[in-house]
Amino acid sequence: MQLYKDQHLRVHNSLTGKKEVFEPINEGHIGMYVCGPTVYSNVHLGNCRTFMSFDMIFRYFKHLGYKVRYVRNITDAGHLENDADEGEDKIAKKAKLEQIEPMEVVQRYTVDFHNTLQKFNFLPPSIEPTATGHIIEQIEIIKEIIEKGYAYEINGSVYFDVIKFNESNEYGKLSGRKLEDMIANTRELTAQSEKKNPQDFALWKKAEPQHIMRWPSPWGDGFPGWHLECTAMSTKYLGETFDIHGGGMDLKFPHHECEIAQAEASNGKSPVKYWLHANMLTLNGKKMSKSTGNNIYPFEIFSGENDILSKAYSPSVVRFFMMQAHYTSILDLSDDALLASEKGYNRLMDGLENLEKLKTTNTSNFDVKAWKQKCYDAMNDDFNTPILISHLFDAVKRINLIKEGKETITEEDKALLQQTMNSFVFDILGLENQKSVGEDTNALGGVVELLIKLRNEARANKDFATSDKIRDELNALGIQLKDGKEGTTFSIN
RNA sequence: GGCAUCGUGGCCGAGUGGCUAGGCACAGCUCUGCAAAAGCUUGUACAGCGGUUCGAAUCCGCUCGAUGCCUCCA
């Protein structure tokens, strides 16, 4: 029995601006495409947030029992530097700068990307195709668009004819723009453009002699335009229409708008049923930007080597911090916010550990089934992880009360609670318990237990000087002792 | 200038017409040898100004402000 038959999901569709009941095109199967990174520099934290949102969504779909094909591309051909004639491939430019082969740049930053995502405990997508691996498919789509009359060739380059397209289709429907307004607001380009009008975008660019990344085509040597790779790869692996297309909010226009135009022009169908957009991450209230220095890389957070934060934070704490905000909201990263999240994260993980050791009775005054459904309701409402987390904290509170003997739980309810907590915390939110050091299994745990024993002996003898010394010095080492009704436990932070 | 999203208590962040998440911080209490941990209690929050309504943080209008896009960007 698949869970999705009971759990009815609603998603916010950017195309309509509304929350809609989610119904996949083919029952039980989901095709999802997410625009991946351009691998010309280290992946930054804002990128990670977007991919993390879709990782969580991917995880939830899988949890519900869907068969998901999740395609997330690697853009290794680079995008055009700009719209004008001097268009230059971003990756080629970086390569020249560093005097290495373009594919060397691609390789280096692809590895960085994968390493970083792995630290954040990402699930790998089903397919991770590259733009350079799909040049032939891209050329085929260009041919089709030309055939249908929505593109034209000039001097070895091919451009999409937006005005022509807009006569029969609606260019701008995703981002809420009107072509007339865009024409009226066009900024004057100083460089003379060969395009028929400024709204047209490149499908194929002629390669200048100095351009390293180049492929032969019916229009001469060149390279594909900015938006084409996603159309080519999503169509190839998910079909002409598929369920979900995701990406960062900043890609809505022009990138996703152009994808819609390319697909509609080439095969006459709107490519995507649900468009999902993840919102931006800001740093101290401002846009992340390398040029202003308001920027931080994941590895700088993990190591603590940065000028912005007071200490290092583990990947799972950062993940928890991001999951505390809804994916469609702008989230602001700051030291205060991370500090608060870290404490909350520790509380959640302590709760999970306490749950394991909970004593059970014949009666239960915690309605675990009702609580469990509330967790699903939160996720079913457009993946509302902040509400889910509030329910998880409710459970932590109940766990602590049961531990104190103020409430009770049956063996059966305890098992259900454990199973549900583990599903949501680890499988769906993708968190990891990175704070405990295996209290019972390593030497450190044994040493701390020994000290707890010595301390309790001292306390029994009213030798508080000794007992407090043990407690305070352990605390200084980051080991916190917790006296409870059932004895003393500890946690390592 | 245009388009979009948004402005919630000390901080972060949910919530879309009445039942008013959650985390962190602060204060009081219980527990404790004292603490810590845990639990309990308290906070008269919805940018401003109008309007609709029996009733608005939630709908409408205007003003101010923020963020993103309009040029590569998740």
Side-chain angles (χ1 to χ4, degrees), chain A residues 14 17 34-38 40-41 43-54 75 78-84 87-88 90 93 172 174-178 181-182 184-187 189 199 226 246-255 257 277-282 285-290 320-321 324-326 328-345 347-348 350-351 354 378 381 384-394 396-397 399-401 403-404 406-407 459 462-464 467-468 471-472 475 480-485 488-491:
Chain A
S14 309
V34 171
C35 293
T38 304
Y40 71 101
S41 65
V43 62
H44 75 80
L45 199 64
N47 286 284
C48 292
R49 184 192 180 200
T50 295
F51 300 134
M52 194 182 288
S53 297
F54 289 102
T75 296
H79 289 166
L80 288 179
E81 195 77 299
N82 58 44
D83 219 4
E88 189 176 9
K90 198 183 258 181
K93 189 180 180 190
L174 180 67
S175 53
R177 285 157 212 250
K178 288 191 165 56
D181 296 344
M182 289 166 56
N185 289 314
T186 298
R187 292 179 189 173
L189 289 170
Q199 280 67 45
W226 337 345
M249 201 73 109
D250 50 350
L251 293 183
K252 220 172 177 183
F253 187 90
H255 185 59
E257 206 69 73
H277 285 99
N279 219 323
M280 300 293 104
L281 181 73
T282 56
K286 283 179 196 142
K287 179 192 179 180
M288 281 203 187
S289 159
K290 285 174 209 170
F320 179 73
F321 162 74
Q324 274 186 303
H326 190 84
T328 58
S329 297
I330 293 171
L331 174 63
D332 185 48
L333 184 116
S334 63
D335 197 47
D336 285 347
L338 277 176
L339 227 38
S341 283
E342 185 177 56
K343 290 193 177 171
Y345 167 85
R347 185 173 147 85
L348 181 63
D350 284 347
N354 288 330
D381 185 15
N384 199 324
T385 52
I387 293 288
L388 168 67
I389 289 170
S390 79
H391 294 320
L392 298 179
F393 278 113
D394 284 345
V396 168
K397 184 182 271 191
I399 289 166
N400 288 330
L401 283 167
K403 188 187 167 211
E404 298 284 306
K406 289 174 181 159
E407 290 194 6
R459 291 172 74 199
K462 300 222 188 297
D463 179 7
F464 297 124
S467 68
D468 287 356
R471 179 185 68 197
D472 296 341
N475 197 42
Q480 186 184 38
L481 300 187
K482 299 170 186 174
D483 295 329
K485 289 253 187 317
T488 303
T489 57
F490 70 95
S491 66

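Atom set for the values below is all heavy atoms of this structure, side chains included, hydrogens, waters and symmetry mates excluded. Because the structure is a prediction, the values reported are computed rather than measured. All chains are named by letter (A, B, ...) in the order of the sequence lines, taking the proteins before the strands, and each is independently numbered beginning at 1.
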**Student:** Looking at A:R471 and A:D468, does any basic side-chain N land under 4.0 Å from a carboxylate oxygen?
**Tutor:**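 Yes, this pair counts.
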**Student:** Using a 4.0 Å heavy-atom cut-off, does A:L281 contact any base of the nucleic acid, only the sugar-phosphate backbone, or nothing at all?
**Tutor:**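 It contacts base atoms.
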**Student:** Only stems of 3 or more consecutive Watson-Crick or G-U pairs count here, both distances under 3.5 Å; name the ones for RNA chain B, or none.
**Tutor:**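 When the pairs of RNA chain B are grouped into runs of at least three, the stems are B:1-7 with B:64-70, B:10-12 with B:22-24, B:27-30 with B:38-41, B:47-51 with B:59-63.
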**Student:** Would you say that A:D381 contacts A:I387 through its side chain, given a criterion of any heavy-atom pair below 4.5 Å between the two side chains?
**Tutor:**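 When only atoms from C-beta onward are counted, A:I387 and A:D381 do not touch, as no gap falls below 4.5 Å.
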**Student:** What's the shortest heavy-atom distance between A:P37 and A:F51, and which atoms?
**Tutor:**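 Closest approach of A:P37 to A:F51, heavy atoms only: N-CZ, 3.7 Å.
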**Student:** Can you tell me how far the OG1 atom of A:T489 sits from the CG atom of A:D483, to the nearest 0.5 Å?
**Tutor:**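 Reported value, rounded in 0.5 Å steps: 8.0 Å.
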**Student:** When you measure from the side chain of A:W226, which nucleotide among B:G22, B:C69, B:C72 comes out closest?
**Tutor:**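 Looking only at side-chain atoms, A:W226 lies closest to B:C72.
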**Student:** Is there a side chain to side chain contact (heavy atoms under 4.5 Å, CB included) between A:R347 and A:D350 once you walk through the steps?
**Tutor:** CA-CA 5 Å; A:R347 185 173 147 85; A:D350 284 347; 5.7 Å; no
**Student:** Taking N or O atoms only and anything under 3.5 Å, show me the protein contacts with nucleotides 34-37 of chain B, one pair per line.
**Tutor:**
residue: B:C34; atom: O2; partner: A:R471; partner atom: NH2; Å: 3.2
residue: B:C34; atom: N3; partner: A:R471; partner atom: NH1; Å: 2.7
residue: B:C34; atom: N4; partner: A:R471; partner atom: NH1; Å: 3.3
residue: B:A35; atom: N6; partner: A:D483; partner atom: OD2; Å: 2.3
residue: B:A35; atom: N1; partner: A:D483; partner atom: OD2; Å: 3.1
residue: B:A35; atom: N3; partner: A:R471; partner atom: NH1; Å: 2.7
residue: B:A36; atom: O2'; partner: A:Q480; partner atom: NE2; Å: 2.9
residue: B:A36; atom: N1; partner: A:D483; partner atom: N; Å: 3.2
residue: B:A36; atom: N1; partner: A:D483; partner atom: O; Å: 3.0

**Student:** Using whole Å, report how far CD of A:Q199 lies from C1' of B:G2.
**Tutor:**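 My rounded result for the distance is 13 Å.
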**Student:** Using atom P of each nucleotide, how far apart are B:A45 and B:G39 to the nearest Å?
**Tutor:**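 Comparing P positions in B:A45 and B:G39 gives a spacing of 25 Å.
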**Student:** What distance, rounded to whole Å, do you find between the two C1' atoms, one in B:G17 and one in B:G51?
**Tutor:**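 Result for the C1' pair: 15 Å, nearest Å.
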**Student:** Roughly how far apart, to the nearest Å, are B:U52 and B:U42 at atom C1'?
**Tutor:**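 Comparing C1' positions in B:U52 and B:U42 gives a spacing of 36 Å.
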**Student:** If I pick the P atom on B:C59 and the same atom on B:G18, what distance separates them, to the nearest angstrom?
**Tutor:**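 Nearest-Å result for B:G18 against B:C59 at atom P: 12 Å.
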**Student:** Report which part of the nucleic acid A:G247 touches: base, sugar-phosphate, or nothing (heavy-atom distance under 4.0 Å, all strands).
**Tutor:**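 Here A:G247 touches the backbone only, sparing every base.
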**Student:** Tell me the interatomic distance from A:F253, atom CZ, to B:C69, atom C1', rounded to whole angstroms.
**Tutor:**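 Result: 8 Å.
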**Student:** Can you tell me how far apart OG (A:S175) and NE2 (A:H255) are? Round to the nearest 0.5 Å.
**Tutor:**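 The distance works out to 13.0 Å.
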**Student:** Rounded to whole angstrom units, what separation is found between the NE2 atom of A:H391 and the P atom of B:G23?
**Tutor:**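 In whole Å, B:G23 P lies 12 Å from A:H391 NE2.
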**Student:** In terms of the nearest nucleotide of RNA chain B, which residue is placed more toward the 5' end: A:G46 or A:D394?
**Tutor:**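 So the residue in question is A:D394.
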**Student:** Would you mind classifying the nucleic acid contact of A:K397 as base, sugar-phosphate or nothing, using non-hydrogen atoms under 4.0 angstrom?
**Tutor:**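 Since only primed, P, OP1 and OP2 atoms lie under 4.0 Å of A:K397, the category is sugar-phosphate.
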**Student:** Are any of the side-chain heavy atoms of A:T50 and A:M249 separated by less than 4.5 Å?
**Tutor:**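 No. Closest side-chain heavy atoms not under 4.5 Å.
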**Student:** Would you say the side chains of A:S329 and A:N279 form a donor-acceptor pair under 3.5 Å?
**Tutor:**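 The answer is no; no qualifying pair exists.
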**Student:** When you compare B:C12 with B:C46, how far apart are their C1' atoms, in angstrom units rounded to a whole number?
**Tutor:**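 Pairwise C1' distance, B:C12 against B:C46, rounds to 15 Å.
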**Student:** Kindly give the heavy-atom pair with the smallest separation between A:F321 and A:A337, and that separation in Å.
**Tutor:**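 In terms of heavy atoms, the two residues are closest at CE1-CB, 3.7 Å.
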**Student:** For nucleotides 4-13 of chain B, print each protein N/O atom paired with a nucleotide N/O atom at under 3.5 Å, atom names and distance only.
**Tutor:**
residue: B:G13; atom: OP1; partner: A:D332; partner atom: N; Å: 3.1
residue: B:G13; atom: O2'; partner: A:Q324; partner atom: O; Å: 3.4

**Student:** Any side-chain N or O of A:N384 below 4.0 angstrom from OP1/OP2 of B:A14?
**Tutor:**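 No, outside the criterion.
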**Student:** Remember a base hit wins even if backbone is also touched, and classify A:I387 as base, sugar-phosphate or nothing at under 4.0 Å, heavy atoms.
**Tutor:**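 The answer is base, as A:I387 lies within the cut-off (heavy atoms under 4.0 Å) of a base atom.
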**Student:** Could you state the CD1-P distance from A:I389 to B:G22, rounded to the nearest angstrom?
**Tutor:**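 Checked: the CD1 to P distance equals 14 Å.
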**Student:** If you measure from the C1' atom in B:G2 to the same atom in B:U71, how many Å do you get, rounded?
**Tutor:**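 Rounded to whole Å, the distance is 15 Å.
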**Student:** How far does OG1 of A:T385 sit from NE2 of A:H326, to the nearest 0.5 angstrom?
**Tutor:**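 These two atoms lie 7.5 Å from each other.
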**Student:** Over all heavy atoms of both residues, which pair between A:F464 and A:R459 is shortest? Give the atoms and the distance, please.
**Tutor:**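 Closest heavy-atom pair between A:F464 and A:R459: CE2-O, 4.0 Å.
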**Student:** For the base of B:G33 and the side-chain ring of A:F464, does the geometry meet a stacking cutoff of under 5.5 Å between centres and under 30° between planes?
**Tutor:**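 It does: the ring sits over the base of B:G33.
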**Student:** Can you check whether A:N400 has a side-chain N or O nearer than 4.0 Å to OP1 or OP2 of B:A38?
**Tutor:**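 Negative; the distance criterion is not met.
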**Student:** May I have the distance from A:L392 (atom CG) to B:A21 (atom P), rounded to whole angstrom?
**Tutor:**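 My rounded result for the distance is 18 Å.
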**Student:** Please report the distance separating the P of B:A56 from the corresponding atom of B:A47, rounded so that it comes out in whole Å.
**Tutor:**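 Result for the P pair: 15 Å, nearest Å.
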**Student:** Do any N or O atoms from the side chain of A:S341 and from the backbone of A:L338 form a donor-acceptor pair under 3.5 angstrom?
**Tutor:**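 No; zero donor-acceptor contacts below 3.5 Å.
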**Student:** Specify the separation, in whole Å, of atom CZ of A:F393 and atom C1' of B:A38.
**Tutor:**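 Those two atoms, CZ and C1', are 14 Å apart.
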**Student:** Taking only the C1' atom of each, what is the distance from B:A57 to B:G7 in whole angstrom?
**Tutor:**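 Those two atoms are separated by 11 Å.
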**Student:** Atom CD of A:E257 and atom CD of A:Q199: how far apart are they, to the nearest 0.5 Å?
**Tutor:**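 Between A:E257 CD and A:Q199 CD, I get 12.5 Å after rounding to 0.5 Å.
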